[in-house]
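The structure under discussion appears below in the form of structure tokens.
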Amino acid sequence: MRNEEEMMKLILTKATQSENIRLVEINGSRVNSQAKKDPFQDYDIVYYVEDMQSFTKDHSWVDCFGERILMQMPDQMVIPPADKTRQSFSYLMLFTDGNRIDLTLTPVKFAEEALQSSEPREILLDKDNRIKTTITTIENPYSISRPIQKAFLDCSNEFWWVSTYIAKALWREELTLAKYIMEGPVRDMLLTMVNWYIGIQTDFKASTGKGGKNIQQYIESDVWDRLVFTYPDGNYKNIWEALFNMCNLFEELSVNVSQKLNFDMPDYRNSVFSYLKHIEKLPKNSEHIYQ
């Protein structure tokens with residue numbers, strides 16, 4: 001596996017040799033001091049260029065970075081659909097030695113605008129002295145923000161409201177829909193409440209990372225264990241149990257957050273939890289939810 005020095009030399013050599021490339025940026029985990037170092041870290045590179053078409057008309061130019069296992073060009077895709085509003089073009093490349101480069105081409109005229117995005121970055125090459133400093137330190141985009149009362153109420157409402165969709169899908173034995181809802185909007189609200197719980201304990205200076213990947217290091221082991229038990233397999237009984245585990249954990253954390261932030265606490269649990277329990281036991285031949 002090529003080491004970091006070799007990869008950076010390769011990236012900068014291409015940029016130096018091409019007059020079209022005027023500015024080179026690296027962002028992401030490799031310039032984030034809080035990120036744990038491991039061999040899976042990507043090289044998130046931006047080439048700011050004068051002429052995009054000279055690169056995109058023949059994609060073979062990226063062969064200079066090495067032999068690939070796979071490449072994706074998301075800006076040319078229909079599934080998932082490309083963002084037609086983007087001014088950039090990306091090459092996501094996984095190489096046979098295990099390295100990965102996520103390389104984005106951006107017109108240099110958009111450099112000032114692009115550099116306003118909220119992420120840490122380092123300028124590796126600036127041929128025209130556009131940037132006054134090589135290091136740009138920006139607030140971590142995954143930092144936990146202190147919620148306002150309305151956000152807390154909306155999070156609670158969304159969690160309890162959409163949890164009823166899971167119950168309906170489970171009763172109908174629509175497995176994929178139930179899992180889709182559980183791991184989508186309901187999971188999002190649970191992790192939002194977990195983040196606020198962590199934020200209170202850390203004076204809102206912590207970052208749990210993308211997808212909450214760092215949550216475990218900030219919460220008590222018993223809370224972590226309970227969170228783990230909210231991830232079910234494909235068994236209907238286990239999904240019901242995981243749903244109830246989600247509800248109990250969400251309620252407990254909501255009480256804690258509301259007390260610490262002096263928020264009003266909505267009373268959803270008793271009525272919704274009773275409804276969920278009722279649907280779990282509702283016979284499959286029922287014509288009515290309640291008699």
Side-chain angles (χ1 to χ4, degrees), residues 28-29 34-35 74 80-81 83 117-119 139-172 174-202 204-220 223-234 236 238-258 260-261 263-269 271-273 275-276 279:
S29 64
Q34 297 180 352
D83 181 358
S117 62
S118 298
E119 58 183 328
E139 181 181 355
N140 190 318
Y142 299 109
S143 295
I144 303 169
S145 300
R146 180 184 293 270
I148 60 174
Q149 170 75 79
K150 183 67 164 61
F152 176 79
L153 294 175
D154 288 350
C155 177
S156 297
N157 183 274
E158 176 76 353
F159 176 88
W160 290 107
W161 175 255
V162 185
S163 69
T164 66
Y165 294 20
I166 301 174
K168 179 169 62 175
L170 290 174
W171 186 84
R172 290 174 172 172
E174 298 169 335
L175 177 65
T176 57
L177 178 59
K179 293 282 285 182
Y180 174 80
I181 299 169
M182 174 175 272
E183 298 307 329
V186 176
R187 176 73 59 192
D188 288 346
M189 293 304 99
L190 175 59
L191 294 183
T192 295
M193 195 61 69
V194 170
N195 277 338
W196 290 339
Y197 174 77
I198 292 170
I200 290 169
Q201 296 178 320
T202 60
F204 292 94
K205 295 179 180 178
S207 170
T208 56
K210 184 177 181 179
K213 63 182 181 180
N214 300 323
I215 281 177
Q216 185 176 8
Q217 71 186 64
Y218 291 110
I219 59 177
E220 302 87 344
V223 177
W224 172 254
D225 289 342
R226 292 176 62 192
L227 180 61
V228 170
F229 291 144
T230 68
Y231 290 90
D233 56 18
Y236 283 106
N238 294 340
I239 299 174
W240 274 112
E241 184 178 354
L243 174 59
F244 297 140
N245 289 339
M246 292 179 89
C247 292
N248 288 327
L249 180 58
F250 185 87
E251 177 70 7
E252 181 178 310
L253 296 178
S254 297
V255 170
N256 182 281
V257 170
S258 67
K260 294 296 177 59
L261 297 181
F263 285 164
D264 293 333
M265 176 72 185
D267 185 15
Y268 294 129
R269 185 197 183 280
S271 57
V272 178
F273 199 81
Y275 172 83
L276 299 177
I279 301 304

Task: Shortest non-hydrogen contact between Leu261 and Pro147, atoms and distance - done: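 Closest pair (atom of Leu261, atom of Pro147, distance): CD1-CG, 3.6 Å.
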TODO: Grab the two heavy atoms, one from Leu276 and one from Ala167, that are nearest each other, plus how far apart they are.
DONE: CD2-CB, 3.6 Å
Measure the shortest side-chain to side-chain distance between [X] and [Y] over non-hydrogen atoms and say whether it is less than 4.5 angstrom.
X      : Y      : result
Ile279 : Thr164 : no
Arg269 : Ser254 : no
Val194 : Val223 : no

- [ ] Go through the steps for Met265 and Glu251 under the test side-chain contact (heavy atoms from CB on, under 4.5 Å), then give the verdict.
- [x] CA-CA 10 Å; Met265 176 72 185; Glu251 177 70 7; 3.7 Å; yes
Spacing of [X] atom [atom1] and [Y] atom [atom2] [to the nearest 0.5 Å]:
X      : Y      : atom1 : atom2 : result
Leu177 : Ile166 : CG    : CD1   : 9.5 Å
Ile181 : Thr176 : CD1   : OG1   : 9.5 Å
Lys260 : Ile200 : NZ    : CD1   : 6.5 Å
Ile144 : Tyr197 : CD1   : OH    : 12.0 Å
Asn245 : Leu227 : CG    : CG    : 10.5 Å
Thr230 : Asp225 : OG1   : CG    : 11.5 Å

Return the set of residues passing side-chain contact (heavy atoms from CB on, under 4.5 Å) with [X] (not counting sequence neighbours), or none when no residue passes.
X      : answer
Tyr236 : Leu170, Glu173, Leu175
Asp267 : Asn270
Glu252 : Arg226
Asp188 : none

Which residues pass the side chain to side chain donor-acceptor pair (under 3.5 Å) test with [X], sequence neighbours left out?
X      : result
Asn256 : none
Asp264 : none
Glu183 : Arg187
Trp224 : none

Task: Contacts of Lys210 that satisfy salt bridge (Lys or Arg N to Asp or Glu O under 4.0 Å) - sequence neighbours left out - done: none
TODO: Spell out, as yes or no, whether a donor-acceptor pair under 3.5 Å connects the side chain of Lys179 to the backbone of Pro232.
DONE: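 Side chain of Lys179 to backbone of Pro232: a pair is present.
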Open item on the list: Let's go through Met189 and Met246 carefully: what are the C-alpha distance in whole Å and the side-chain angles of both, what is the deciding distance for side-chain contact (heavy atoms from CB on, under 4.5 Å) to 0.1 Å, and is it a yes or a no?
Closed with: CA-CA 10 Å; Met189 293 304 99; Met246 292 179 89; over 6 Å; no
- [ ] Please name all residues satisfying ring-ring contact (aromatic ring centres under 6.0 Å, His included) with Phe244, sequence neighbours left out, ordered by chain then number.
- [x]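 Applying ring-ring contact (aromatic ring centres under 6.0 Å, His included) to Phe244 gives Trp240, Phe273.
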Side-chain donor-acceptor distances from residues 151-163 under 3.5 Å, at least two apart:
residue: Asp154; atom: OD1; partner: Lys150; partner atom: NZ; Å: 3.0
residue: Asp154; atom: OD2; partner: Lys150; partner atom: NZ; Å: 2.8
residue: Ser156; atom: OG; partner: Phe152; partner atom: O; Å: 3.1
residue: Asn157; atom: ND2; partner: Tyr268; partner atom: OH; Å: 3.1
residue: Trp161; atom: NE1; partner: Tyr165; partner atom: OH; Å: 2.8
residue: Ser163; atom: OG; partner: Trp160; partner atom: O; Å: 2.6

- [ ] With side-chain contact (heavy atoms from CB on, under 4.5 Å) as the test, would you mind laying out the steps for Thr208 and Gln217 before giving the verdict?
- [x] CA-CA 9 Å; Thr208 56; Gln217 71 186 64; over 6 Å; no
- [ ] Count the heavy atoms belonging to other residues, nucleotides or ligands that lie under 6.0 Å from CZ of Phe204, then report whether that count exceeds 12.
- [x]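 Check passes, neighbour count above 12.
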